[in-house]
Amino acid sequence: MARLFATEKAGGSALYKLHAVTVFAGICLVLCYRATHVPAAGAGRAAWLGMLAAELWFGFYWVITQSVRWCPIRRRTFKDRLAARYGDRLPCVDIFVCTADPQSEPPSLVMATVLSLMAYNYPPEKLNVYLSDDGGSILTFYALWETSAFAKHWLPFCRRYNIEPRSPAVYFADSDNKPNDPRTLEEWSVVKDLYEGMTERIDSVVRSGKVPEEMKVNHKGFSEWNTGGTSKDHHPIVQILIDGKDKGALDSGGNVLPTLVYMAREKRPQYHHNFKAGAMNALIRVSSVISKSPIIMNVDCDMYSNNSDSIREALCFFLDEEMGHKIAFVQYPQNYSNMTKNNIYGNSFSVINQVEFAGLDTWGGPLYIGTGCFHRREILCGRSFNKDYKEDWDQGIKTQHRIDQTEEKAKSLATCTYEHNTQWGNEIGLKYGCPVEDVITGLTIHCRGWESVYNNPPRAAFIGVAPTTISQTILQHKRWSEGNFSIFLSKYCPFFFGHGKIRLPHQMGYCLYGLWAPNSLPTLYYVLIPSLGLLKGTPLFPEIMSPWIMPFIYVFVVKNIYSLYEALTSGDTLRGWWNGQRMWLVKRITSYLYAVIENIRKLLGLSKMGFVVSPKVSDEDESKRYEQEIMEFGTSSPEYVIIATIALLNFVCLVGGLGQILTSGQNMLWNGLLPQIVLCGLLVIINIPIYEAMFLREDRGRIPYSVTLASVGFVMMALFVPIF
């Protein structure tokens, strides 16, 4: 029987392996030189040994990165074969959307995502969309109620004209989508007016902070807020706004509508709510009494569906006769619509999407990244792999009891105390106790014997909103690196927990992200000590005429050339790659450094796990500077002090070091210090936008004077510390 998907090896692997072998040889020679040329005491020995330690780490981490580059593969689905084989005999799908704060995540943005998910090219009676509102906000419920009414017009419009994308916010924002046919244009205008009217009402309610009393009589669900409550202290709320099993729940074209459910799990100050993992587990339980579909898909509230066939593509993997029984989840990449041309903050993830996840797919599948992922329900409920297990794709609740009874039953599953003395958050559902609950859950699934697949179709499945300021980027990467490093330090360390359960390259692939955080320490050392050595005339590299300089040059040049090649072939620009190198440095000396410190504090019992929602909105001035690719600072923060200090220190060391060499007239200094001049010079060049923000810019996004003064003070301290 013909397969429903194909697996193809990426080209150029033999050439890459040759490149990797030569780089590895160069790294070995670098380490050999460091170990055999240690200077005498008092001649920079401590700094030299620190360089050896940093280069040992860089070499080790480079080896880890080879696991995802050694043999990448690509997947290709055959939706026509799926349609011919199964027709409409397809499994039901539960779709989970999580939101937490109507201020950071505007309800109009969330509703555009919900509408795009309701409009999949899939039998609507088999779709069930759940919105988890962890803020328990009546504003979000009002927005979903408005959405349930607009969906009756939007869904038939999408089907009739087969439009893409099916997020009305994105579709109507693109003038190219305006039809030329007069009859079509008339309907397009009507639907557009309905959408704009809906978003205006939603935004107006959010601005005012309350729902008008005359609106509350339109649905019984508004009465849930009559007893008061706050975002951190409220009773469980479950409201079925559209019951897809009700024969009267039809759109304007007479077709069945998908089920649409609002859920706000109970929150009380005395109970830990376990952040997004707790919300997801509550959704799994609540959906089990409303729809209980065998497939669960979850997506972030700002990640709209950009490809209406994404469900069918995922099913090509699950329903494949040869391999489908092994697959626990299908992961799609994260893509963003608001990227600048040159990726000013390095947030495109193009290399991760095109290279690293494709490489992980070779060894057992990609990580679960918490959004754009299709799971088997049974796997999220703790089932281990068994080759004899047969999935019941027809399972699901086909008939609905009285809605009020179902809602009450569902509420009982979303209480604070339901999980007490159960395996929820441990053996069942998403794992608790980690800021990246998705990664640790995926690791556990892989260690139970299941595989996952990575699907990156030509038309992106999901598109979201990337951070538009450097502070948002630093915050996001701090959370990710902190969580991944905490996994590495826990009993779930892939090298120990995965030993004998998943292959070594798969373990290494997980550690690629688990070791983001400790990269901060050798990086910080490498951007400080060689520059200070230049200023003080202490050489830390081979002389430029020595043959030992060749492996240093080879590793540096070839590795960066290949990094540029990866970026360009993944869709980045040359300037985008350069911006990525700057952000690589910024993230390592801020986000990753903070992640190391926070994990140490947790191990010492000085800190508890927290979660901060990344804001999805910026003010008008910030947005304008982002579009112009001008780095945004604006406020005083410790992270900016670190960035400014490193930039300023390297500038002072370069100018001071060159001044001493030129005034001394000693050519031997050029010979011994040229590698440090080059390294320090590159750091100065890459930090040019930082100098502009410190000394030249006058806009509100510049680095504040207080940060500049603090960095000057730290630079002066560093210059007088007797490191050498």
Side-chain angles (χ1 to χ4, degrees), residues 44 46-48 50-51 53-54 469-471 473-475 477-478 481-482 517-538 540 581-601 606 631-660 673 676-677 679-698 701-724:
W48 187 278
M51 295 292 286
T469 67
I470 194 170
S471 64
T473 302
I474 289 172
L475 172 64
H477 279 267
K478 175 186 176 296
S481 56
E482 178 187 334
N519 270 311
S520 60
L521 302 178
T523 301
L524 200 59
Y525 191 90
Y526 230 81
V527 299
L528 286 174
I529 301 306
S531 300
L532 289 170
L534 170 63
L535 182 65
K536 299 184 180 184
T538 304
L540 294 173
Q581 300 306 298
R582 181 186 306 111
M583 287 308 302
W584 171 89
L585 173 62
V586 165
K587 287 181 289 191
R588 287 193 175 200
I589 63 176
T590 57
S591 304
Y592 299 173
L593 178 63
Y594 276 43
V596 169
I597 295 170
E598 194 63 24
N599 271 284
I600 292 173
R601 293 182 67 215
L606 302 176
M631 295 189 78
E632 182 72 33
F633 296 94
T635 59
S636 299
S637 78
E639 294 93 337
Y640 299 163
V641 173
I642 296 172
I643 295 168
T645 299
I646 296 296
L648 193 59
L649 178 67
N650 276 278
F651 182 79
V652 170
C653 289
L654 181 64
V655 173
L658 285 174
Q660 290 183 30
L673 294 173
Q676 282 156 265
I677 294 172
L679 176 61
C680 193
L682 286 172
L683 288 168
V684 167
I685 294 170
I686 209 168
N687 280 310
I688 286 175
I690 311 300
Y691 304 132
E692 292 174 345
M694 292 172 72
F695 303 114
L696 302 179
R697 287 167 51 186
E698 296 295 334
R702 73 185 309 278
I703 291 178
Y705 293 115
S706 59
V707 172
T708 302
L709 288 173
S711 66
V712 169
F714 281 115
V715 168
M716 293 178 67
M717 287 174 57
L719 296 179
F720 290 105
V721 172
I723 299 174
F724 297 92

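Atoms considered below: every heavy atom in the structure, side chains included; atoms not considered: hydrogens, waters and symmetry mates.
- To the nearest 0.5 Å, atoms OG (S531) and CD1 (I677) are separated by 11.0 Å.
- Here I529 contributes atom CD1 and M51 contributes atom CE; the two are 9.0 Å apart, rounded to the nearest 0.5 Å.
- The shortest side-chain heavy-atom distance between L521 and L593 falls under the 4.5 Å cut-off.
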(request) Check the pair S636, S706 against side chain to side chain donor-acceptor pair (under 3.5 Å), reporting the backbone distance first and the verdict last. (result) CA-CA 7 Å; S636 299; S706 59; 2.7 Å; yes
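- Just one of I688, N687, V684 meets the side-chain contact (heavy atoms from CB on, under 4.5 Å) condition when paired with F651; it is V684.
- The shortest distance between side-chain heavy atoms of R697 and I703 does not fall below 4.5 Å.
- Expressed to the nearest 0.5 Å, how far NE2 of H477 lies from OG of S591 amounts to 7.0 Å.
- Within the 4.5 Å cutoff, no side-chain heavy atoms of I474 are placed close to those of Y594.
- In this structure, the side chain of Q676 engages the main chain of L540 through a donor-acceptor pair within 3.5 Å.
- Screening L654, N650, L649, L528 for a side-chain contact (heavy atoms from CB on, under 4.5 Å) involving L683 leaves a single residue, N650.
- Residues T469 and S471 have side chains that bring a donor and an acceptor to within less than 3.5 angstrom of each other.
- Taking the ring axis of Y705 as reference, the NZ or CZ atom of R702 stays within 45° of it and closer than 6.0 Å to the ring centre.
- Across all their heavy atoms, I646 and L524 have their closest contact at CD1-CD1, 4.0 Å.
- Between T635 and V707 the shortest heavy-atom distance is O-CG2, 4.5 Å.
- No side-chain heavy atom of T523 sits under 4.5 Å from any side-chain heavy atom of Y592.
- Taking the six-membered ring where the residue is Trp, Y640 and F633 present perpendicular rings, their angle passing 60° and hence far from 30°.
- To the nearest 0.5 Å, the span separating CD1 on I690 from CZ on R582 amounts to 7.0 Å.
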(request) Walk me through it: do Q660 and L535 pass the test side-chain contact (heavy atoms from CB on, under 4.5 Å)? (result) CA-CA 8 Å; Q660 290 183 30; L535 182 65; 3.9 Å; yes
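- Between Y525 and A54, the shortest heavy-atom distance links the atoms CD2-CB, 4.5 Å.
- Taking every heavy atom of both residues into account, G634 and P704 meet most closely at O-CG, 3.7 Å.
- Note that CD of E639 and NZ of K587 are 14.5 Å apart. Values are rounded to the nearest 0.5 Å.
- The 12-atom threshold is exceeded at OH of Y691, counting heavy atoms of other residues, nucleotides or ligands nearer than 6.0 Å.
- Within the model, atoms OG of S711 and CE of M716 stand 11.5 Å from one another, a figure rounded to the nearest 0.5 Å.
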(message) Would T538 and L673 count as a side-chain contact (heavy atoms from CB on, under 4.5 Å) here? Give the steps.
(response) CA-CA 8 Å; T538 304; L673 294 173; 6.0 Å; no
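- Nearest heavy atoms, P518 versus P522: O-CD, 3.1 Å.
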(request) Would you sort out whether I686 and W584 count as a side-chain contact (heavy atoms from CB on, under 4.5 Å), showing the intermediate values? (result) CA-CA 11 Å; I686 209 168; W584 171 89; over 6 Å; no
(request) Evaluate the side-chain contact (heavy atoms from CB on, under 4.5 Å) criterion for residues L648 and M694: first the C-alpha distance (whole Å), next the side-chain angles of each, then the deciding distance (0.1 Å), finally the verdict. (result) CA-CA 10 Å; L648 193 59; M694 292 172 72; 4.3 Å; yes
